[in-house]
Amino acid sequence: MQRRDILKIGGLAGLSLLLPWGTSSQAHADAARFAGPYFLHLHASGGWDPTLFCDGKVATENLLDTDAVTKVELVNGVPVPTETKNGEYALLSDGVKVESPKHFFQNQGKSFRVFNGVDTQTNNHETGVMAFGCGHNSTELPAFAAMAAGKVALTQDVPMAFLAGGAYNFTGDVVALSRFDRDRIRNIAFPNRPDSNNAESKFIPELATQEILAARTKRIAALQATENLPRTKRTLEALREAQLGGSGLSLLADVLKDPDLTFDQMKGMLPFQEQASLDYLNNGNRFVNLARPVESILRCFAAGISVSATYAMGGFDTHDNHDVNQMRAQSNFVLTLRYVMQRAKELGIGDKLYVLVTSDFGRTPRYNMNRGKDHWNVTSALLSGPGIAPACIGASDAGHKPKRVSKSDVRTVLEDKDSNGLRIRASHLHREMRRILEVDKLDFAKQWPLPTGTGEDVLGLLT
Amino acid sequence: MARTKRSLTPKDSRGWKARAVPIAGAVALVAAAAGASVGCYGTEDSSAECQTTRETFTTEVYGKVLAQNCAGCHTPGGAAADQGAKFILQRETYPDFVSANIASMREYAKVEVGGKPLLLRKPLGEEKHGGGAILQSGSAEYRILTDFVNQLRTGEDKTCPNEAPLTLQQLDNQELLRKAALNLAGRIPTDAEYAAVVDEASLDAALLKLTDEEVFYKRLRDMWNDVLFTEKGVDVSTMLGSYPGADVFANDKNPAYTPDNRTFANYSLRQEPLRLIEFVTRNRLPFSDIVAGNYTVVNPFLARLYGLGADRPMAAENLFYWQKAEGVKQVRSGTEHVVPLAGVLSTPSFLNRWETTATNRSRKRARIVLKTFLATDIFKFAQRPVDPSSLASVQNAPLNDSQCSVCHNVHDPIAGAFRGFSETSQMATFDKEGKWHDDMKPPGFNGVDMPSTEYTRALSWLGKRIGDDSRFGLAVAYVMYQGITGDAPLEYPTDKANPRYADKVKAFEAQNDWFLSVAQDFQASNKDVRRVVLAVLKSPYFRAKNGPADKPELYASMGSRLLTPELLALKYQATLGVHAGDVRNSAFYKLQGFKRQWLEEEWRLLYGGIDSNNTTKRVDVLSPGMLAAASLIGNVMACRVTAYDFTKPAATRNLFKFVDPNIVPFSPRTDASIPLVAIPENETKIRQNIVHLYWRLLGERIEPNSEEATRTYQLFANVWKGIEANSIATAAKGGDFNFTDNSCRGVTNWGTVKAAGDGFEELPKEVQITQDKLFTIRSWQAVIAYLVSDYRFLHE
């Protein structure tokens, strides 16, 4: 039975009994904790160059000559660049080795299913962002992260179900969007405390908070019975939902119960223990600062107050000086991704976490006049999570043009002209994600259909 | 085409029949007796499912046939247009695209080959159609097209009898004035102002008067930043070597350098485009000057940066002293040059916010120019799956491949107007001899190439043409509408399988027509942006109060909006008379009376606001975290204002005009075993005050014995009873007479900051309230906390 059905049956008279928001009712707090699975969408904003990472290409003259890759190896089936003319290939941040794709896919990244040769059908940032955010590149659908949270919100009041820090956050009202601010957590966990650390401090008498909550619930019901204009109905419903979700906000305090990790605690996570790398990443707390936002998201998951999150990191739109700028952005991004995978295990949610990794699109195989690379519709995406076996699906050719995958067996790569195959699109991936997270059966998902038509056949990308 | 029985003046927009209801307590919807209806223009066909020619075009022909199958090539810049096709369609982003397209089809429908209209042959692939066979002869789409072409060939428009009009309850004059005053001026109208709005003329005058107030200009800046995002700003250090005065602000070895001056210079740069818009509006100049004016505005800090003179010294107190300026200078090869200006387009903040690269070639800037000032979203021009194989085989695809040229033909000429501005370092100097790219469409506008004699001041040339274009008025209407109502204009619906598709199209078309009328009025008023403001305020999109439950798509975009953090901050101050923030003793905040708004600072993003950089979309519905933030700030405000308001004489109080702290709901007791005895005359006063609070805080007129008043009275009484019982229970320890927090005592004047800026002033001892002996103040505090977190406080 869904929560909305419960409300209809239980009636509003009894509703206030379920809403001891602002109290320390452990019974309700436990009921509000969401136990997973969780969904995190990490996006490389601006358009990454997957040939540097998971779709490596051996350089040819004036083509794909980023760092002049001389060798590409399969690591768990993923073609990663491993050598350059100067030696071992690594992602460099301002010349300092930060991570190597080989090391990543042998360790924290080994659980990913990699999709190469994905055709975004666009070279436009907004279209590419939307395609990977929701699965459609011409109609704005709710972000998959929002849908995953919306599914849970149908039956459970999760206070900050959808944490929106990513590139695409449209909700379609299937769930409320929450922005996260570490510095304000305790304030919103305890909105009646002048001193958020002092449980005895109050702005207004505690009994008044209960009376206000009950009165507000009746007030909302009264307004909902009479107000008909669409925007009023929409905003009223959001208020009602927000009040329901607020019942578990005191759980937010759990997010801060442990201190932040220090660089010394984190440095064991780094693949290169060379002093130059450690010094670089400790300079200005660079690594700590990179990790902090995703640490907060993971803690929200572990505390059971969030279902899904989007998070984006920029710096990938490297129209100039691609080799330096793209490498730096990708180093930071992959480091963060490593951190997510490792830290999730430490927090006990590693086996309950789906992680989707995307970018707007790819980058041209050739350099422009500024040693930059422009927009290219072919890219890669990664997904890991419960029940998803590691693999590499799809491919691109030596010039980073897409190949197709067989409609009957996606592990079989076909040439681009072969009518037995299809180019992988974001919509294919989303159709599969909807299936495995059981979003596709929900009424609201049916109201937001993925594209149909030529090339949109079901591809078993996650089977 | 002829359009009958349709009035689109601001007074009767959308053709909806609506009338204001009596002030006191009326909630029933008004049944309209007569009037124009949505979408019907005549009386020829009386069948129940009658569709006019125009309706058939919008709901059937365009949405289901043309947009999908034809518009990709047959639009200006498209492949068909490039190959000389005579049949050209306008996208829905084109003003009055419906009339333009029907006219185009009507003309083309006359062309026959072998007795059959060419318009019905080409889609089948006949007569050398460049796009081949687009439709099958037996398809539903072809039938729709055939029926419509045949209808057009009769030479007459199909009209229908009036539909039953839609009904809509609107805010009455006083309610509208209150809502507008809060939205635009951040205040509650005075009693005299309420009394004065007795008819349309006096209402118009009162609404327009709001646009002369200081807060309006702040709102105006916020509205335009919501589309320009120039508050992201630019750091003056990036201007070193390029601007005459940059060294003063960015070089800490310069004798005139101070950290404050650097802060003020960056603030000024950030503000420049928005202050220019304010300047144009404040001085009632044609609003097109925001892009067409060959001037900008500077304060003494920018004057120094730009190498200009100023009639006031470069001092903190002159930070907000903005004056018109021409002749902005840059330094190039050691020599100062004057930069040609084009309103906001040539400001460093705009150029930096919409930065470009050597391969982007100012196309991003062109996109923003099109969207913000020409009401044209280039992203909606073409559905275009880009195929790398085909692109790789076409030399210079943006110019020569129709997949690309459909957009590039439109925005590349505009991008060319940014010639001379650097493509690598945004703050590098303007080079009037700078070359443009031969492999792009030449600079120009609307199909007209820019004369080469204008190349040295290309952006100025463009700005003037934008200002003269009819789409500029539409763009201004879009921005002001969004800023005031909080909603983006409706988009042409694409979900044609939706069973309510026809209603969605009607709503779009009605709003589109309304926008056109507003734009025409703007144009006719010498581009007076205040005419647009007035039109929005009086439209059903701002004024609608309630409507019927059925056909919600027809009422899309109507109803209450969630207040932005900026609007909510204004509302706290306006309704409670108390500052919703703290005091900061710094040079910057000193200029604002040392007051710092929480919702404009640390709570802005969490409460759904924007930072103009990474976060540019406002959240428009509450989440649990946002509600918690509103509750927290509401609790603080209730704490501050309740006892404080009681320290004033009743006549000057904002909130408690009808009660004093001694107005208790029950007789005081000394023992809990004594039954509580209600005091009816006190209950009457308390209810009277609740009625006052509902109007002041929520804009809602209720009766003293209404359900709302009773619920609020019970809240008051229950809290009172709880505290009283606790006081009796703790009598041995002195009772419960203290406020829960010291900030809730009536000892601080929360409206007045000390002259030194180190806190709020203390109230005179003789009026201070330090205890709540009769429990009423804490009970009222609960009522205020309840009301300022109410739906109607957080939404308008």
Side-chain angles (χ1 to χ4, degrees), chain A residues 121-124 126-127 138-139 159-160 169 173 176-179 181 183-184 187-188 191-192 194 201-205 207-208 211-212 215-216 218-220 222-223 226-236 238-239 242-243 245-246 249 319-320 368-370 372 374 376-378 401 416, chain B residues 27 357-360 379 383 385-386 388-389 424 487 494-495 544 546-549 552 555-562 602-603 605-606 619 621-629 631-632 635-636 638-639 707 711-712 715 718-719 722-723 740-741 743-744 778 781-782 785-786 789-791 795:
Chain A
Q121 302 179 280
T122 188
N123 55 17
N124 178 291
E126 292 184 22
T127 306
S138 60
T139 300
M160 299 180 81
N169 302 305
D173 292 341
L177 177 157
S178 294
R179 290 184 184 157
D181 181 346
D183 296 335
R184 310 268 88 77
N187 296 117
I188 61 174
N192 193 32
S201 68
K202 306 286 179 198
F203 282 116
I204 58 176
L207 72 100
E211 293 289 340
I212 289 171
R216 191 197 285 154
K218 290 176 185 168
R219 164 77 164 165
I220 292 170
L223 288 172
T226 57
E227 297 292 331
N228 291 319
L229 291 175
R231 199 162 61 159
T232 304
K233 288 172 78 77
R234 175 173 176 256
T235 47
L236 255 173
L239 172 60
Q243 175 145 311
L249 274 177
H319 292 281
D320 298 292
N368 61 33
M369 67 185 86
N370 295 312
D374 299 325
W376 187 246
N377 62 306
V378 186
K401 289 181 184 175
D416 192 36
Chain B
V27 291
T357 66
T359 48
N360 179 265
F379 284 163
Q383 302 295 325
V386 177
S389 304
T424 51
D487 250 2
T494 56
D495 51 345
N546 211 339
Y555 299 87
S557 292
M558 291 187 199
S560 300
R561 72 178 290 188
L562 175 69
E602 64 265 39
W603 287 96
L605 282 181
L606 196 147
V619 179
V621 293
L622 282 170
S623 66
M626 291 166 69
L627 179 59
S631 297
L632 169 68
N635 287 340
V636 175
C639 184
E707 182 186 344
R711 185 183 309 122
T712 311
L715 167 65
N718 288 346
V719 173
I723 301 173
T740 45
D741 188 71
S743 62
C744 306
R778 281 170 288 173
Q781 202 182 316
Y786 167 62
S789 59
D790 183 79
Y791 173 81
H795 303 76

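To find a chain, count down the sequence lines: A is the first, B the second, and so on, and within it residues start at 1.
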Quick check for you: to the nearest 0.5 Å, what is the distance between [X] atom [atom1] and [Y] atom [atom2]?
X         : Y         : atom1 : atom2 : result
Leu622(B) : Leu177(A) : CG    : CG    : 11.5 Å
Asn546(B) : Thr232(A) : CG    : OG1   : 7.0 Å
Leu229(A) : Ser560(B) : CG    : OG    : 8.0 Å
Cys744(B) : Lys202(A) : SG    : NZ    : 12.5 Å
Arg184(A) : Trp603(B) : CZ    : CH2   : 6.0 Å

Using every non-hydrogen atom in the two residues, find where [X] and [Y] come nearest and quote the distance to one decimal.
X         : Y         : result
Ala208(A) : Ala782(B) : CB-CB, 3.7 Å
Ala785(B) : Ile204(A) : CB-CD1, 4.0 Å
Arg711(B) : Ala215(A) : CD-O, 3.5 Å
Arg179(A) : Leu606(B) : O-CG, 4.0 Å
Ala628(B) : Pro191(A) : O-CB, 3.6 Å

Practice item. With a 4.5 angstrom heavy-atom cut-off, could you sort out which part of Glu602(B) is near chain A: side chain, backbone, both or neither? Key: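 Both parts, backbone and side chain.
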
Review point. For Ser789(B), is it the side chain, the backbone, both or neither that has a heavy atom under 4.5 Å from a heavy atom of chain A?
Key: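 Backbone plus side chain of Ser789(B), per the 4.5 Å heavy-atom cut-off to chain A.
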
Proximity breakdown for [X] and chain B, heavy-atom pairs closer than 4.5 Å:
X         : value
Pro194(A) : side chain
Ala222(A) : side chain
Asn370(A) : side chain

Review point. Just wondering, do Ile220(A) and Tyr791(B) contact through their side chains at under 4.5 Å, heavy atoms?
Key: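 Tyr791(B) does not reach Ile220(A) side chain to side chain.
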
Check your understanding: Are any of the side-chain heavy atoms of Thr740(B) and Pro205(A) separated by less than 4.5 Å?
Key ->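 In contact.
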
[options]: which one forms the most heavy-atom pairs within less than 4.5 Å of chain B?
options                         : answer
Thr139(A), Leu223(A), Asp320(A) : Leu223(A)
Lys218(A), Met160(A), Arg219(A) : Arg219(A)
Leu207(A), Asp181(A), Asn192(A) : Leu207(A)

Check your understanding: Per the side-chain contact (heavy atoms from CB on, under 4.5 Å) rule, which among Val621(B), Leu562(B), Leu627(B), Asp790(B) passes with Leu239(A)?
Key ->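 By the side-chain contact (heavy atoms from CB on, under 4.5 Å) criterion, Leu239(A) pairs with just one of Val621(B), Leu562(B), Leu627(B), Asp790(B): Leu627(B).
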
Review point. Looking at Leu715(B), Asp741(B), Asn635(B), which one has more heavy-atom pairs under 4.5 Å with chain A than the rest?
Key: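 Among Leu715(B), Asp741(B), Asn635(B), the one with the most close pairs to chain A is Asn635(B).
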
Review point. Asp487(B), Val619(B), Ile723(B): which one forms the most heavy-atom pairs within less than 4.5 Å of chain A?
Key: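 If we count pairs closer than 4.5 Å to chain A, Asp487(B) comes out on top.
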
**Study point:** Worked verdict on Tyr555(B) versus Asn228(A) for side chain to side chain contact (heavy atoms under 4.5 Å, CB included)
**Key:** CA-CA 9 Å; Tyr555(B) 299 87; Asn228(A) 291 319; over 6 Å; no

Check your understanding: Is the side chain of Gln781(B) donor-acceptor paired with the backbone N or O of Phe203(A) at a distance under 3.5 Å, no angle test?
Key ->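 Such a contact is found between Gln781(B) side chain and Phe203(A) backbone.
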
